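One structure is given below, encoded as structure tokens.
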Amino acid sequence: MQYTEVMVRYGELSTKGKNRKDFIGRLAGNITRLLNDFPEIEIHPKHDRLHIVLNGASFEKIDNRLKRVFGIQTYSPTVKVERDIEAVKKTALELMQATFKDGMTFKVNTRRSDHEFEYDTNQMNEMIGDYLFDNMDNLKVKMKKPDLVLRIEVRKDAIYISNQLIKGAGGMPVGSAGKAVMMLSGGIDSPVASYLALKRGVDIEMVHFFSPPYTSDKALAKAKELAGILANYSGKINFIAVPFAEIQEQIKEKLPEGYLMTIQRRFMLRLADMIRAKRGGLAIFNGESVGQVASQTLESMAAINDVTTTPVIRPVATMDKTEIIKLAEDIGTFDLSIKPFEDCCTIFAPPRPKTKPKLEEARKLEARLDVDGLLQRAMDGIEVTPIYPNEKFLNDKAAEDAELL
Ligand code: ATP
Ligand code: MG
């Protein structure tokens with residue numbers, strides 16, 4: 001079916017003037033960037049919806065991408081025809097033939113913004129309905145909740161016809177909520193937390209701690225590749241790799257085993273916060289879930305969170321592991337997340353980390369280290385890489401299976 005445009009309806013839109021304008025402008029910019037390899041396509045943002053004029057581009061090719069744009073509630077591939085009843089009949093029939101399956105119910109729903117058109121909405125509904133009945137078999141009309149609604153909109157310039165209402169990703173346009181850093185490991189939870197942050201309109205940059213020579217290139221590649229899957233939702237994500245080995249060595253050498261984990265996490269959070277400040281972010285996101293492991297008890301969170309007053313937002317804090325896994329599968333990160341490349345935390349994980357570390361004790365022990373020097377050297381070693389949708393860093397079969405497009 002050759003569609004001429006896509007009609008996009010907005011998501012959770014604040015109705016107030018300036019916010020609405022920002023939302024629409026941001027969404028239009030995000031869609032433009034996402035479709036920039038289709039130079040023929042035009043984007044027309046309007047007050048109540050946005051039109052993507054295809055100019056010959058195929059709807060099927062952009063459909064998968066539109067599904068991942070936050071801020072879109074629903075969208076409909078549409079055909080624009082001249083204001084002529086015969087043209088409407090012909091296109092209505094083509095659309096129905098392309099989408100109708102035996103047993104489906106349907107109705108025709110005409111709206112007019114131009115009341116000068118020669119037929120009113122009831123006449124249109126009847127004429128087009130009759131025409132479809134004459135030319136198709138097994139059609140059944142249903143007024144309430146039919147499977148297909150053939151929407152006809154009569155406007156001054158032309159008539160617009162569609163019969164699909166596709167569910168968008170919902171949420172808010174990425175960037176509309178501002179910038180933040182996301183602590184991305186190679187695990188299951190932090191990619192899901194990233195997805196949820198993006199969905200609320202937060203433009204995130206990934207902060208990843210790695211520890212060569214204790215961790216392999218593959219662990220780093222895996223985290224980058226996860227960022228590539230998430231970049232499908234934003235077009236591009238900066239990946240900030242932070243060397244963490246020296247800090248881990250020092251902690252292991254100088255401090256008692258029970259506090260290894262707590263103090264490592266305090267360093268991670270401090271560094272994430274320094275990077276946030278440097279890059280103009282407003283919050284830190286991570287993939288912690290209450291009670292999941294020793295470092296994620298409320299006592300641990302309190303002892304770790306002590307190092308900053310910046311908001312630390314934990315999108316999966318209250319989700320069960322099974323719920324997190326379900327989302328990871330839906331967004332396509334799960335298969336990659338479960339690949340067994342050990343990251344910096346696994347390598348230096350003490351066999352019996354304290355589940356109830358004491359804040360005072362953590363502070364006291366930490367004072368044995370050259371905290372500022374360690375932080376500074378880690379900051380000096382950071383490396384920023386822009387990562388694009390589905391970019392590959394690990395070359396193997398499982399990684400390919402995780403591909404979305
Ligand atoms: P995930 O599946 O996201 O790794 P997890 O259940 O394995 O989570 P932890 O390894 O304890 O949990 O980490 C908790 C959170 O700390 C992670 O979700 C992530 O936000 C952050 N984190 C852990 N390791 C790293 C790392 N190497 N780089 C950046 N952030 C990390
Ligand atoms: Mg982990």
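Residue numbers start at 1 and run along the sequence shown. The model shown is predicted, which means the values in this text are computed figures rather than measured ones. Just follow the structure's listing: the first ligand is 1, and inside any ligand the first atom is 1.
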TODO: Enumerate the atoms of ligand 1 whose separation from the nearest heavy atom of Asn286 is less than 4.0 angstrom.
DONE: 20 (O)

Task: Minimum non-hydrogen distance to atom 31 (C) of ligand 1, winning option of Gly287, Ala193, Ser185 - done: Ser185

Task: Atom indices of ligand 1, in the order listed, that fall short of 4.0 Å to a heavy atom of Ile188 - done: 1 (P), 2 (O)

TODO: Indicate whether any N or O donor in one side chain lies under 3.5 Å from an N or O acceptor in the other, for Ser190 and Ser185.
DONE: yes

Task: Lys/Arg cation over aromatic Phe117: Arg83, 6.0 Å, 45° cone - done: no

Open item on the list: Is Gln296 close enough to touch ligand 1? Criterion: a residue heavy atom under 4.0 Å from a ligand atom.
Closed with: yes

TODO: Give a yes or no on this: more than 12 heavy atoms of other residues, nucleotides or ligands lie within 6.0 Å of atom CZ of Arg377.
DONE: yes

Task: Val207: numbered ligand 1 atoms lying under 4.0 Å from its heavy atoms - done: 29 (C)

- [ ] Taking atom types as modelled, find out whether Arg151 and Ser162 have a side-chain donor-acceptor pair closer than 3.5 angstrom.
- [x] no

Task: Partner of Glu360 under salt bridge (charged side-chain N to carboxylate O under 4.0 Å, His left out), chosen from Lys358, Lys364, Arg363 - done: Arg363

- [ ] Would you mind finding which of Arg265, Gln292, Met183 brings a heavy atom closest to atom 13 (O) of ligand 1?
- [x] Arg265

Open item on the list: Using a plain distance cutoff, I'd like to know if Gly186 has any nitrogen or oxygen under 3.5 Å from a nitrogen or oxygen of ligand 1.
Closed with: no

Task: Electrostatic pair Asp189:Lys321 at N-O distance under 4.0 angstrom - done: yes

